[in-house]
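In what follows, a single structure is set out as structure tokens and then discussed.
What's counted below: heavy atoms across the whole structure, side chains too, no hydrogens, waters or symmetry copies.
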Amino acid sequence: MDVTIPDIGDAEDVEVIEICVDPGDAVATNDALIVIESDKASMEVPAPFAGTVDEILVALGDVVNAGDAILRMEEISNGEPDGMEAKATPPAEAEPVESPSADGAQRATGTERVEIRLPDVGEAENVSVIEVAVSEGQAVAVDDLLVVVESEKASMEIPSPFAGRIVEVAVGEGDDVEEASVLVVLDAERTADLPATAPESTTPPEARPAEPVPAALTTAESIETPPETLTTTKVYAGPAVRRLARELGVDLGTVNGSGARGRIVKDDVKSFVKRTLASPTVPGLAIAPMEAVDFSRFGEIEVVPLSRIRARGAVNLHRSWQHVVHVTQHDDFDVTDLEAFRASLKDEAAAKGVRLTPLPLIMKACVRALERHPQFNASLDPGVKSLIFKRYHHIGFAVDTEDGLVVPVVRDAGGKGVYELAVEIARLSEAARSKKLKPDEMQGGSFTISSLGAIGGTGFTPIVNAPEVAILGVARLDTRPVWDGAAFVPRKMLPVSLSYDHRAINGAEAGRFIVDLGKLLSDFRRLAL
């Protein structure tokens with residue numbers, strides 16, 4: 001029986017980046033068969049039934065679409081490959097349903113007990129339940145709210161994928177949860193179109209879909225590594241584990257998997273990092289930890305825990321500072337004409353319901369500068385042997401919230417006009433302040449702008465938002481007397497600070513970038529050239 005690529009939304013021409021099985025392998029339902037990658041995400045294609053792999057019909061690098069056959073499998077009639085222990089049985093209390101027909105489709109209606117689990121939440125950690133919206137015995141419809149969870153950066157509503165009745169609420173307010181944690185158990189209404197129940201897999205959570213539905217896809221954030229740097233050796237790991245490994249700079253080929261069939265799980269990666277950090281280091285090069293000080297010896301104190309956003313931000317900034325070779329260049333841009341242009345658009349912007357701040361104009365100019373200087377829109381590979389140029393321009397911008405700085409990302413900023421950028425910046429800023437940013441709205445940035453706006457300051461040294469290689473700091477706009485060759489005239493001057501990774505960018509390149517950016521902001525008409 002041919003296994004095909006399931007519906008993958010609006011993604012087209014996805015690439016096969018890993019083949020997880022070989023001919024002759026026995027696989028269980030939901031075991032990963034191949035991993036494919038679109039321009040936005042990597043996705044596992046799981047086995048829709050248990051069986052034996054007869055023939056693989058695709059190769060690494062092949063481009064496929066929904067409906068394309070990827071391999072042929074011989075289905076095992078008892079639901080498990082020979083020699084494999086049954087993985088799970090349906091809950092004893094599940095209501096009986098008629099046996100499926102020969103084609104595997106359930107023809108009778110009834111209910112089926114399903115576990116609703118926490119889906120992939122990207123790179124978010126320390127996720128906790130902040131609201132439980134249902135109770136046992138309650139009837140719910142499709143998309144009714146079940147629970148609300150919150151990470152250190154955003155909150156997320158988890159809706160019901162099925163209509164039915166709540167059997168069990170497995171979490172309470174304040175509980176910490178992680179990807180694939182059971183949230184509620186639901187007696188879902190079975191219809192004629194719902195596939196027959198398959199045995200639940202004990203594959204590690206990273207490999208499972210968010211709900212136990214056959215042929216579902218597990219998604220992860222955009223993979224930054226270009227095709228030519230991807231390993232061709234077989235690594236059995238889900239996208240969430242791969243993302244964690246990329247963040248920590250771990251080569252999965254050196255990690256031993258403890259999961260089923262040698263699959264690498266998150267704990268394997270974390271254990272590998274702990275062992276590496278605990279290994280002997282060169283004497284004198286290790287960073288001594290900060291000593292704990294009992295400040296109460298000197299007077300009255302108050303201990304206030306950091307918010308999740310501040311705590312997570314502190315970890316990220318510390319990691320960036322340790323790994324990136326920072327250099328910062330400062331300059332002052334004459335934006336008198338730009339400010340006059342912005343003032344002339346005030347009525348037009350108001351008519352469109354847009355508040356036009358300097359940031360959309362700065363962002364637009366940055367994209368043009370990045371097009372001319374692509375090394376600023378790149379990342380170093382973990383081995384510092386290659387520079388990965390990105391053909392997209394996703395611009396992050398720092399937002400000050402009550403809980404700390406958050407960096408939402410404007411996607412494809414180069415393809416948006418100034419008014420569109422203003423609307424998107426306003427939307428993301430409001431979502432950040434209300435903690436409603438989605439995980440994918442904080443991922444994939446290729447360059448960051450940190451603007452102090454009217455807060456103050458004549459300059460600062462922003463820390464590069466790794467794995468990016470550069471960040472632009474914008475200080476307070478000020479009116480100063482500037483000599484024009486005959487007299488001092490008032491000009492609006494904008495102080496900027498460009499921090500960059502000196503391993504990827506040298507001083508001359510940074511100088512040319514900042515000069516070009518200054519020309520664009522001094523005369524916005526240059527964007528039309």
Open item on the list: Could you go through L359 and F397, starting from their C-alpha distance and side-chain angles, then the distance that decides it, and tell me whether this counts as side-chain contact (heavy atoms from CB on, under 4.5 Å)?
Closed with: CA-CA 9 Å; L359 183 55; F397 64 100; 4.1 Å; yes

TODO: Not counting sequence neighbours, which residues clear side chain to side chain donor-acceptor pair (under 3.5 Å) with E131? List them please.
DONE: none

Task: side chain to side chain donor-acceptor pair (under 3.5 Å) partners of R525, counting only residues at least two apart - done: D523

Please tell me if the side chains of [X] and [Y] come closer than 4.5 Å, counting only heavy atoms from C-beta onward.
X    : Y    : value
D68  : T4   : no
S522 : V335 : no
V250 : V273 : yes
D331 : L517 : no
V14  : V63  : no
P358 : E339 : yes
I449 : I471 : no
F272 : L248 : no

Considering only NZ, NE, NH1 and NH2 on the basic side and carboxylate oxygens on the acidic side, decide whether [X] and [Y] come within less than 4.0 Å.
X    : Y    : answer
E371 : R368 : yes
E441 : R427 : yes
R476 : D478 : no
D337 : K492 : no

Locate the shortest heavy-atom distance separating [X] from [Y]; write the atom from each residue and the value.
X    : Y    : result
P495 : M493 : CD-O, 3.7 Å
L494 : A475 : CD1-O, 3.7 Å
A365 : L520 : O-CD1, 3.5 Å
K390 : S446 : CD-CB, 3.8 Å
C366 : L472 : SG-CD2, 3.7 Å
V399 : S429 : CG2-OG, 3.9 Å

Task: Check against side-chain contact (heavy atoms from CB on, under 4.5 Å), N65 and D13 - done: CA-CA 6 Å; N65 286 282; D13 297 333; 3.1 Å; yes

Can you tell me if [X] uses its side chain to pair, donor with acceptor, with the backbone of [Y] under 3.5 Å?
X    : Y    : value
N377 : Y392 : yes
S181 : E178 : yes
H323 : W321 : no
R491 : P481 : no
K436 : E430 : no
D62  : A59  : yes

How long is the span from the [atom1] atom in [X] to the [atom2] atom in [Y], to the nearest 0.5 Å?
X    : Y    : atom1 : atom2 : result
I425 : I362 : CD1   : CD1   : 9.0 Å
I36  : I19  : CD1   : CD1   : 12.5 Å
H393 : D412 : NE2   : CG    : 10.0 Å
E179 : R117 : CD    : CZ    : 11.0 Å
K519 : L521 : NZ    : CG    : 13.0 Å
L380 : L387 : CG    : CG    : 5.5 Å

Task: Test log, rule side-chain hydrogen bond (donor to acceptor under 3.5 Å, both in side chains), inputs R342 and T357 - done: CA-CA 8 Å; R342 186 169 71 93; T357 67; over 6 Å; no

Task: ring pair (Phe, Tyr, Trp, His ring centres under 6.0 Å) contacts touching residues 417-471 (sequence neighbours left out) - done: none

- [ ] Not counting sequence neighbours, which residues clear salt bridge (charged side-chain N to carboxylate O under 4.0 Å, His left out) with D403? List them please.
- [x] K435

Open item on the list: Take a 6.0 Å sphere around CZ of R372 and say whether it holds more than 12 heavy atoms from other residues, nucleotides or ligands.
Closed with: yes

TODO: Give the intermediate values and the outcome of side-chain contact (heavy atoms from CB on, under 4.5 Å) for residues K364 and L527.
DONE: CA-CA 9 Å; K364 190 72 175 177; L527 282 172; 3.8 Å; yes

Open item on the list: Run the side-chain hydrogen bond (donor to acceptor under 3.5 Å, both in side chains) test on S499 and H326 for me, step by step, so that the C-alpha distance in whole Å, both residues' side-chain angles and the decisive distance to 0.1 Å come before the verdict.
Closed with: CA-CA 6 Å; S499 291; H326 279 80; 5.9 Å; no

TODO: Apply side-chain contact (heavy atoms from CB on, under 4.5 Å) to L428 and L437, showing your working.
DONE: CA-CA 7 Å; L428 291 171; L437 277 175; 3.9 Å; yes

Run the side-chain donor-acceptor check on residues 461-468: report pairs under 3.5 Å with partners two or more places apart or on a different chain.
unit_1 : atom_1 : unit_2 : atom_2 : d
E468   : OE1    : T448   : N      : 3.3
E468   : OE1    : T448   : OG1    : 2.7
E468   : OE2    : T448   : OG1    : 3.3

Open item on the list: Using the rule given for salt bridge (charged side-chain N to carboxylate O under 4.0 Å, His left out), can you reason through D440 versus K438, listing the C-alpha separation, both sets of side-chain angles and the distance that settles it, and then say yes or no?
Closed with: CA-CA 6 Å; D440 62 356; K438 300 176 182 177; over 6 Å; no

Acceptor/donor pairs from residues 504-516 side chains to any protein atom, 3.5 angstrom cut, sequence neighbours excluded:
unit_1 : atom_1 : unit_2 : atom_2 : d
N506   : OD1    : A508   : N      : 3.2
N506   : OD1    : E509   : N      : 2.8
E509   : OE1    : N506   : N      : 2.9
D516   : OD2    : H373   : NE2    : 2.8

